[in-house]
2 protein chains.
Amino acid sequence: MIGMSTAPAGRRRGPSKGDLREQAILATARDLLSRKPLDAITIDELAAGAEISRSSFYFYFDSKLAVVVALLHGLAGEVGRDAGPWLDGAGPDEPALRRSLAALAALWRDQGRLLTGALAAAPGCPPIARWRAWLREAHVERLAARIARDRAAGVAPHGPAPRVLAEMIDDLRTAAFAAASDPEGLVDDLVVVELRMIYGVLPAHHAEG
Amino acid sequence: MIGMSTAPAGRRRGPSKGDLREQAILATARDLLSRKPLDAITIDELAAGAEISRSSFYFYFDSKLAVVVALLHGLAGEVGRDAGPWLDGAGPDEPALRRSLAALAALWRDQGRLLTGALAAAPGCPPIARWRAWLREAHVERLAARIARDRAAGVAPHGPAPRVLAEMIDDLRTAAFAAASDPEGLVDDLVVVELRMIYGVLPAHHAEG
DNA sequence: GAAAAACTCGACACTGTGTCGACTCCAGCC
DNA sequence: GGCTGGAGTCGACACAGTGTCGAGTTTTTC
């Protein structure tokens with residue numbers, strides 16, 4: 001995940017033993033999260049996976065949630081991946097929206113339990129709450145701006161305040177992906193639904209009987 | 001909440017001491033839930049509120065979540081309240097949808113923490129998961145049927161499978177209400193958004209500039 | 001090769017949950 | 001009146017998971 005060669009090499013210090021242990025904890029966490037939900041994972045397991053004692057774990061992280069925060073930061077860049085063309089564009093640009101949603105769906109497929117666990121832990125864990133709020137805000141703000149632009153251009157109908165609508169879309173995405181066993185199978189339907197929420201029914205989707 | 005007069009009366013046994021204690025536990029739970037989230041409530045507090053020892057609590061309920069389940073069942077009737085006219089009707093019947101959402105919003109206003117706590121506990125607590133699934137299914141099924149009917153009648157445009165669309169609408173409601181500090185303030189916007197998800201933009205909401 | 005830092009761990013304290021068995025209380029019955 | 005059995009009560013215990021502390025060992029640095 002770090003991408004460095006595994007050679008500690010004699011000369012020039014590579015990652016210190018501590019760095020390796022820290023990575024081992026993170027790797028163990030990722031691994032366990034692929035198999036069970038966050039709150040079924042104990043610090044014991046995390047420590048065992050990194051081959052250190054439970055007390056040593058605390059040398060590296062303050063708590064289980066601190067590990068989650070670290071994993072989350074590793075994800076920060078990926079969350080908004082490919083959303084640019086959609087968020088910065090204008091009008092019902094279906095392909096751009098689909099690309100944005102496809103990237104998000106892939107993330108939920110790979111990191112679903114991490115995201116689910118983080119979401120569940122957010123109330124009661126300020127750092128995670130902040131991460132979540134920051135991410136959500138980034139999306140909501142740009143999407144709201146886009147909606148306002150489209151309305152001003154007469155491309156989108158009036159309705160709920162852009163910000164409220166954007167929040168609902170964000171909520172819907174999160175809820176739908178969190179509940180789905182196959183996030184990627186949801187993309188096409190989400191595309192249609194989001195476009196409807198913003199623009200109403202597009203001509204191509206109209207039906208007569 | 002039980003509705004009986006408070007007189008234990010000399011003759012004819014009223015509720016037994018145990019029944020009263022059970023009610024006291026439920027009342028304490030409701031009370032605490034109005035002030036803090038479920039997982040900040042301990043069995044100690046519940047027992048103290050009912051003026052019994054912690055071990056005695058277990059005479060009445062198997063666990064904290066069993067109390068939640070009991071509270072939830074007390075709510076079962078209210079959740080779908082006033083949804084009938086909307087779910088059994090046809091076409092974009094905005095007033096009916098609004099009444100249905102208003103009733104739901106009132107429930108979230110009064111029981112938000114209970115619902116939030118139950119939702120969070122559902123994975124990992126089969127009885128709660130079943131309650132949630134049953135309720136959701138009841139809504140989704142009727143809504144999906146309604147959407148299918150409207151499409152067949154040419155009133156609603158085609159799009160995602162009725163069931164999928166109904167699930168998204170259910171998810172959106174839950175997510176929006178769970179996140180809102182003022183659920184009732186969301187009703188009008190939800191009405192517009194849900195109608196759009198099903199029917200597209202209605203004439204009255206079109207804008208030209 | 002000695003001081004400092006990085007690291008490790010066992011032992012402990014704490015919180016919350018759930019169980020067990022002994023005890024009390026009270027109603028109904030001989 | 002005294003007996004019995006079920007309802008209700010509780011203290012003591014066992015357990016899991018978390019987090020802390022201080023005494024050790026290893027590694028780095030000069």
Side-chain angles (χ1 to χ4, degrees), chain A residues 7-29 32-33 36-70 117-118 120-121 123-128, chain B residues 8-29 32-33 35-70 117-118 120-121 123-128:
Chain A
R11 64 199 184 85
R12 280 281 179 269
R13 73 173 153 324
S16 74
K17 188 164 69 158
D19 291 339
L20 291 174
R21 245 79 237 231
E22 190 172 322
Q23 288 308 314
I25 292 173
L26 292 172
T28 303
L32 290 174
L33 275 171
K36 48 174 158 178
L38 177 61
D39 49 43
I41 296 173
T42 73
I43 292 180
D44 263 308
E45 294 175 285
L46 257 18
E51 299 183 294
I52 54 178
S53 74
R54 200 176 57 81
S55 359
S56 290
F57 168 91
Y58 288 100
F59 181 79
Y60 296 101
F61 296 97
D62 282 345
S63 68
K64 188 168 67 176
L65 290 184
V67 176
V68 170
V69 171
C125 179
I128 295 184
Chain B
R11 64 200 181 86
R12 283 284 179 263
R13 72 176 153 321
S16 73
K17 187 164 67 156
D19 291 337
L20 292 175
R21 241 91 226 239
E22 190 172 322
Q23 289 307 315
I25 292 173
L26 292 173
T28 303
L32 290 173
L33 275 171
R35 268 175 290 125
K36 50 173 156 176
L38 177 61
D39 50 42
I41 296 174
T42 72
I43 292 180
D44 262 308
E45 294 175 285
L46 257 16
E51 299 184 294
I52 54 179
S53 74
R54 199 176 57 81
S55 358
S56 289
F57 167 92
Y58 288 98
F59 181 79
Y60 297 100
F61 295 97
D62 282 346
S63 68
K64 189 168 67 175
L65 289 184
V67 176
V68 170
V69 170
C125 179
I128 296 184

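A note on names: the letters A, B, ... follow the listed sequences, proteins ahead of strands, and every chain is numbered from 1.
Contact check, B/Ser56 against D/dC10: a side-chain N or O comes under 4.0 Å of OP1 or OP2.
Counting non-hydrogen atoms under 4.0 angstrom, A/Thr42 reaches the backbone sugars and phosphates but no base. The residue B/Phe61 sits apart from the nucleic acid: no heavy atom pair falls under 4.0 Å. If you check every strand for non-hydrogen atoms under 4.0 Å, A/Tyr60 touches sugar and phosphate atoms only.
Here C/dT17 presents its P atom at 6 Å from OH of B/Tyr58, a figure rounded to the nearest Å. One interatomic measurement links the two molecules: CD of B/Glu45 to C1' of C/dT15, which rounds to 13 Å at whole-angstrom precision. In this structure, the CG atom of A/Asp19 is 15 Å from the P atom of D/dT27, given to the nearest Å. Distance CD (A/Glu22) to C1' (C/dT8): 16 Å, rounded to an integer number of Å. Between the CD1 atom of A/Ile25 and the P atom of C/dC7 there is a distance of 11 Å, given to the nearest Å. One can place CZ of B/Phe57 at 12 Å from P of C/dT19, the figure rounded to the nearest angstrom. The distance from atom CD1 of B/Ile43 to atom C1' of D/dC10 is 15 Å, rounded to the nearest whole Å. B/Leu20 places its CG atom 16 Å from the P atom of D/dA7, with the value rounded to the nearest Å.
Out of D/dC21, C/dG18, D/dG11, the shortest distance to the side chain of B/Ser53 is found at D/dG11. Closest to the side chain of A/Ile52, out of C/dC9, C/dC20, D/dT18, is C/dC9. Proximity note for A/Phe59 (side chain, C-beta onward) versus C/dT19, D/dT18, C/dA6: the nearest is C/dA6. Here the nucleotide nearest the side chain of A/Arg21, chosen from C/dT8, C/dG18, D/dG11, is C/dT8.
Using a 4.5 Å heavy-atom threshold, the side chains of B/Tyr60 and B/Ile52 count as touching. Contact check for B/Phe61 versus B/Leu26: side-chain heavy atoms found under the 4.5 Å cut-off.
At most 12 heavy atoms of other shown residues, nucleotides or ligands fall within 6.0 angstrom of atom CG in B/Asp62.
For the pair A/Ala118 and A/Val68, the tightest heavy-atom approach, listed with the atom from each and the gap, is CB-CG1, 4.2 Å.
Partner B/Glu45 forms a side chain to side chain donor-acceptor pair (under 3.5 Å) with one of B/Lys36, B/Lys64, B/Arg54 and no other, that one being B/Lys36.
Remark on DNA chain D: of its neighbouring residues B/Arg54 and A/Asp62, the 5'-side contact belongs to B/Arg54, judged by nearest-heavy-atom nucleotide.
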